[in-house]
Amino acid sequence: MNKLAMELNDVLRGTVVADLLSDFGKRFYYPMGIPAQDTEAKKHAKIYNATVGMAFANHEPIELSPVRAAMPGLTPFQSVAYAPTAGDPELRREWKAQIYRKNPDLGAALISEPVVVPGLTNGISQAADLFIDPGDSVVIPDMFWENYSLVFEDRREAPVTSFPFFAEGARASGPGAPPWGLNLAGLRETLRSTARRGKVALVVNFPNNPTGYSPTASEASALASLVEELAAGGLKILVIVDDAYFGMFYEPEVYRQSLFARLAQLHENVLAVKIDGATKEDFVWGFRLGFVTFGAKGLTEAHYEALNQKLIGAIRSSISNSSRPAQSLLLKALANPDYEQEKLRYFESLKERYQAVRRIIEKRSTGRSLTTLPFNSGYFMSFRFEGGSADALRRYLLMEKGIGTVSLEDKYLRIAYSSMELDELEPLYSEIFKAADHLAR
Ligand SMILES: Cc1ncc(COP(=O)(O)O)c(C=O)c1O
């Protein structure tokens, strides 16, 4: 093993991180290679800096004028220069400040400096590399973003263990929804039965893709309590918190913070990894900007720094660094006085669509073979098709009606109402209900 990796492992010894790192994670470190030497040179090379593989003219990175013309608001340093492996330090600082602002339950809890990755998918994949070994099992409630299977099962060879996301008979959520809520008993049981060698990994994603469900405040507390109870029993728990749709909370009873806020200081045996980013929250899907932030009770700045060094090494060895113009544009947007106001405006517009969908479903007289799964947040809602194959319903809608939806497990139909105009929702749902009636056995 590399000496630097051993030094990082020494720093982390005795913490939950050391117990949870995969073999990959244990081996990783950030070498004193070109980017690290360049960072050092930026501080101390007062005369000439001939370190990094970029081309300069007049002491600025060369930028072709057609490129400059397309990004007139950015200097060459902000548009075409490499970003540091861990991301623009100013953006990292600002994003961290945003995490505290958006999640008051964090209080003054010590968390790591967010590291920039090219989108949430890459953040999840980096976390999987660092903490999941082939043969480990990853617990994920059964309604989940399909890409998790590819990341954990196919890339990392770690089977996903699922359990029903909702429990009938749990609390109701919103008018017209069946009296279901999060299946917390199922979660507890699955974590317990899946644990191997005293550890277990869990992925949570709220607002959820595909259901559009987020826990209520009391469900969030109950979830945190059950994780704490298992941790107090000696289980080491990794919780990957996928906050892709953070902020799109439409009902008053919903917990409006990330579960990371409840987990980051919960117990010495719990390591929370927050994966978030600008993709959906800031409506910049193609920017490819995400962040990875760690939180565990008892970890010090030195521990977080050692863990970040491992993550940064993993980044250096895979994607090297993330898009510079995207980081510069996001940083400028965050500092713009219109930023919050405009976000609020688009939030209101998404909420209006959410409310319209609720009304349409409530007053429907057709499509009874479609059971509405609870939804209160995010971009989506899903039906369970009781009348046959959900994929047959999807194909019928597509081929006969020209309507695109997503089927899952041949049971569920997911509708991204976020991508519809308000006045398109009524005709869209009317066609879906008619199609379900037509196909229902
Ligand atoms: C739950 C969830 N996590 C992560 C992502 C991916 O985010 P990104 O585009 O930033 O990789 C998505 C995208 O659909 C998602 O639904």
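Order of listing sets the numbers, starting from 1, for every ligand and every atom in it. If you read the sequence from its start, that first residue is 1, and numbering goes on from there.
Taking OG from S218 and CG from L223, the interatomic distance works out to 11.0 Å, rounded to the nearest 0.5 Å.
Note on D338 versus K343: no salt bridge recorded, every NZ/NE/NH1/NH2 to OD/OE distance being 4.0 Å or above.
At least one cation-pi condition fails for R156 and F131: the charged atom is not both under 6.0 angstrom from the six-membered ring centre and inside a 45 degree cone around its axis. Both tests pass for R364 against the ring of F433: distance under 6.0 Å to the centre and angle within 45° of the axis.
F249 pairs with exactly one of Q257, K351, R256 by the side-chain contact (heavy atoms from CB on, under 4.5 Å) rule, that one being R256.
The salt bridge (charged side-chain N to carboxylate O under 4.0 Å, His left out) contacts involving residues 396-405 comprise nothing, where partners must be two or more places apart or lie in separate chains.
Protein residues with a heavy atom closer than 4.0 Å to ligand 1 are G119, L120, T121, W145, Y148, N205, N209, D242, A244, Y245, T279, K280, R288, listed by chain and number.
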